[in-house]
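What follows is a single structure, written as structure tokens, with notes after it.
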Amino acid sequence: MIMKHLYIFAIFLFTFSAFSYAQIMPGQIDEFTDGTDAWLRGDAIEGELVLTADGMGSSGKLVTFNQAQWGGDYLTESITHIRMTISNPSTENLSMRVALGNGTNANSGTWYASTEAIEVSAGATDQVLEFSIAEADLTLVEGSTDYATVFGNIATFRILHSASPSAQGDVIVAEISLDNIEALSQTTEISDKEIEHFSFYPNPAFDNLTVDVDEDALIEVFDLTGKRVHSIHAFKGSNSIDLSNWISGIYILRISNENETISKRLIVE
């Protein structure tokens, strides 16, 4: 068990020192049931990522960012939109945007941000936001590298409040809750009904994982660098995966059939 914890620590260090090798995948979704899912600002509270801004210093802006599973080649994976659910319990109306870049912070590298914000009114609950990340819907806000080069190797993905296109965000006193942050592609947009077509348990898992599917499918497991570490052709019903020799850490479980591809986070302890 001590060795497994050491493996977890090593994977954590690898993830944040080699973020540029992470790989975005269509259908991946962060649900915050097991923690912050590598988002570097905010707290996981009751299955949501809660962000607060106090209007002062480093904590004055309403922004969070990810340099792990949300990095990689968005063009090859045909990622076209980012969807999420937001609640705004504060008294401030918010202008929410996404910003993506090839730098480690908003002052380095080249950044593109949403040209048009999505407005979230004070008191809004479970509002679904869907951001296009097509070149025509983004504004170059930092650097000079062309869109294709940057989106072929995204390093950091940011969600923020800003009145105008920015990767920095605006100073504000406010709070939001984020959930179900999802990567959509032009060929594999996923509805809530489709997500119910399979289940897997337990998660976190230790020695064995059970995956239930309602029709034959391909099950693939990837580490956070995008390397496929396991695959099986699953049959309708329950399918078992032996995890006894796996290194502890975070993986992406991807299930595909003729009509859809769905990705979910898997934790192996």
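Keep in mind the model is a prediction, meaning the values are calculated, not measured. Sequential numbering from 1 along the given sequence is applied to the chain's residues.
Side-chain contact between Ile181 and Trp39 is present, with heavy atoms from C-beta onward closer than 4.5 Å. Between Thr64 and Leu178 there is a side-chain heavy-atom pair separated by less than 4.5 Å. No side-chain heavy atom of Tyr112 sits less than 4.5 Å from a side-chain heavy atom of Asp137. The shortest side-chain heavy-atom distance between Thr36 and Asp43 does not fall under the 4.5 Å cut-off. You'll find the side chain of Arg83 stays beyond 4.5 Å of the side chain of Asn180, heavy atoms only. Between Val150 and Leu100 the shortest side-chain heavy-atom distance does not fall below 4.5 Å. Residues Ile250 and Gln69 are not in side-chain contact: their nearest non-hydrogen atoms beyond the backbone lie 4.5 Å or more apart.
Closest heavy-atom contact between Ser185 and Glu77: CB-O, 3.8 Å. Nearest heavy atom pair, residue Val141 against residue Ser166, reads CG1-N, 3.9 Å. Residues Ile176 and Pro89 share a closest heavy-atom pair of CA-CD, 4.2 Å. Closest approach of Val213 and Ala234 over heavy atoms only: CG2-CB, 4.4 Å. Heavy atoms only, all atoms of each residue included: His230 and Ile241 are closest at NE2-CG2, 3.7 Å.
In the hydrophobic clustering of ILVMFWY residues, with side-chain heavy atoms under 4.5 Å counting as a link, Val63 and Trp111 come out apart.
Within the model, atoms CE of Met96 and CZ of Phe131 stand 6.0 Å from one another, a figure rounded to the nearest 0.5 Å. Rounding to the nearest 0.5 angstrom, the gap separating the CG atom in Asn153 from the CG atom in Asp73 is 7.5 Å. Distance CG/Leu209 to CG/Leu243: 5.5 Å, rounded to 0.5 Å. Between the OH atom in Tyr74 and the CE atom in Met25 there is a gap of 12.0 Å [rounded to 0.5 Å]. Here the CD atom belonging to Glu182 is positioned 8.5 Å from the CD atom belonging to Glu130, to the nearest 0.5 angstrom. One distance of note links OG1 of Thr33 with CD of Glu48; it measures 12.0 Å at 0.5 Å rounding.
For the side-chain contact (heavy atoms from CB on, under 4.5 Å) criterion with Phe200, the lone passing option out of Asp212, Thr210, Ile219, Leu266 is Leu266.
Listed by first then second residue, pairs satisfying salt bridge (Lys or Arg N to Asp or Glu O under 4.0 Å) with a partner in residues 103-121 number zero, not counting sequence neighbours.
Asp34 and Arg265 are not joined by a salt bridge, as no carboxylate oxygen comes within less than 4.0 angstrom of a charged side-chain nitrogen.
Annotation: salt bridge (Lys or Arg N to Asp or Glu O under 4.0 Å) contacts of Arg254 (sequence neighbours excluded): Glu220. Scanning for side-chain contact (heavy atoms from CB on, under 4.5 Å) contacts around Asn93 gives Ser121, Ala122, with sequence neighbours left out.
Side-chain atoms of Asp30 do not come within 3.5 Å of backbone N or O of Phe32 as any donor-acceptor pair. Between the side chain of Ser162 and the backbone N or O of Asp170, no donor-acceptor pair lies under 3.5 Å. Checking side-chain atoms of Arg97 against main-chain N and O of Ala113 turns up no donor-acceptor pair under 3.5 Å.
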| request: Start with the C-alpha distance between Gln67 and Thr156, add both sets of side-chain angles, then the distance that settles side-chain hydrogen bond (donor to acceptor under 3.5 Å, both in side chains), and finish with yes or no. | output: CA-CA 5 Å; Gln67 296 175 334; Thr156 308; 3.2 Å; yes

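Using the six-membered ring where Trp is involved, Trp70 and Phe157 have ring planes that are parallel, under 30° apart on the 30 and 60° scheme.
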